[in-house]
Structure formats: C-alpha cells, structure tokens
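Predicted model, so just to flag it, every value in this text is computed and none were measured.
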Amino acid sequence: MAMAGCFAGPMFNMLVGLGTALVIQTANIYPRAYQLNFHVGIMIAFVFLLLSLMGSLLVITWCRFRVPRFWGFCLSKAVRNRPNAYLFITGHAD
C-alpha cells in the first residue's frame, strides 16, 4: 500500500493539478481552441518525476522491497539539483 501511495500520489497531484487548470482555461476561452505554450520547466518536472518513479521501482524491487539508504540520498540530491538543471538548460544562470 505504501508503494502504491508513493507512485500514485505525485502522479495524481500533477495530473489533477494540470488537468483542472487546463479545463478552467479552456472553459474561459470556449469558442476558440486553447493554445498550449511549451515551457521547459514543465518538461523538466515530468522527466524528473518519470526518472525518480521508475528508478525507485527498479531499486526497491532489486532490494527486496526495502528502500536502501543510498537511494534516499540519491533522491534527495536529485531534488536539490533540479533547480540547477533548470538553470543550466534554460541558460538563466546569473
């Protein structure tokens, strides 16, 4: 149950949050089609979510459904480095 919560929670939050915002925006401009603008930050968030969830699935399965300490450190380092990746990709470093 905990494994399902770890995987379903972040995905549910992202899909419901984006889905609600897109439905509201589409309802506001109803006769016209909604023009979806590409933003690098959204792509980085989705890639990070996909990699962290798939990596967790593999590591936890390989370690007999126990979360090893090193994986917790890897995930926390990835969370801390995500803003750096965004700045590197977009070129907004000061």
Side-chain angles (χ1 to χ4, degrees):
M1 192 66 158
M3 286 279 294
C6 290
F7 285 92
M11 187 63 72
F12 177 79
N13 291 339
M14 189 170 281
L15 291 176
V16 168
L18 285 174
T20 303
L22 290 174
V23 165
I24 291 171
Q25 183 64 23
T26 303
N28 287 338
I29 61 166
Y30 168 64
R32 296 175 287 144
Y34 177 65
Q35 185 71 23
L36 188 61
N37 297 325
F38 177 78
H39 192 269
V40 176
I42 294 173
M43 291 304 294
I44 291 172
F46 275 118
V47 168
F48 171 77
L49 180 66
L50 179 70
L51 291 178
S52 65
L53 290 178
M54 294 308 291
S56 294
L57 182 67
L58 291 174
V59 169
I60 293 171
T61 303
W62 286 337
C63 294
R64 297 182 182 198
F65 296 97
R66 291 198 172 105
V67 181
R69 185 175 293 223
F70 82 89
W71 187 243
F73 289 132
C74 290
L75 288 177
S76 65
K77 184 150 179 78
V79 168
R80 285 192 309 263
N81 284 334
R82 192 172 73 189
N84 295 338
Y86 175 77
L87 292 175
F88 178 75
I89 290 171
T90 60
H92 287 111
D94 290 338

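Remark: N81 pairs with K77, N84 by the side chain to side chain contact (heavy atoms under 4.5 Å, CB included) rule, at least two apart or across chains. In this structure, the side chain to side chain contact (heavy atoms under 4.5 Å, CB included) partners of L50, at least two apart in sequence or on a different chain, are M54. The side chain to side chain contact (heavy atoms under 4.5 Å, CB included) test applied to V59 returns C63, P68, F70, W71, not counting sequence neighbours. With sequence neighbours excluded, the residues forming a side chain to side chain contact (heavy atoms under 4.5 Å, CB included) with F38 are V40, M43, listed by chain and number.
L87 and I89 fall within the same hydrophobic cluster, where Ile, Leu, Val, Met, Phe, Trp and Tyr residues are linked whenever their side-chain heavy atoms come under 4.5 Å apart, directly or through other members. Cluster membership check: F46 shares its hydrophobic cluster with L53, using side-chain heavy-atom separations under 4.5 Å among Ile, Leu, Val, Met, Phe, Trp and Tyr. A continuous path of hydrophobic side-chain contacts links L22 to I29 [ILVMFWY only; heavy atoms under 4.5 Å].
In the hydrophobic clustering, where aliphatic and aromatic side chains (Ile, Leu, Val, Met, Phe, Trp, Tyr) are joined below 4.5 Å either directly or transitively, F73 stands alone. Within the hydrophobic cluster formed by Ile, Leu, Val, Met, Phe, Trp and Tyr side chains joined at under 4.5 Å, directly or through other members, F12 is accompanied by V16.
Between the T20 side chain and the G17 main chain, no donor and acceptor come within less than 3.5 Å of each other.
Separation of atoms CG (L49) and CD1 (I44) is listed at 13.5 Å; rounding is to 0.5 Å.
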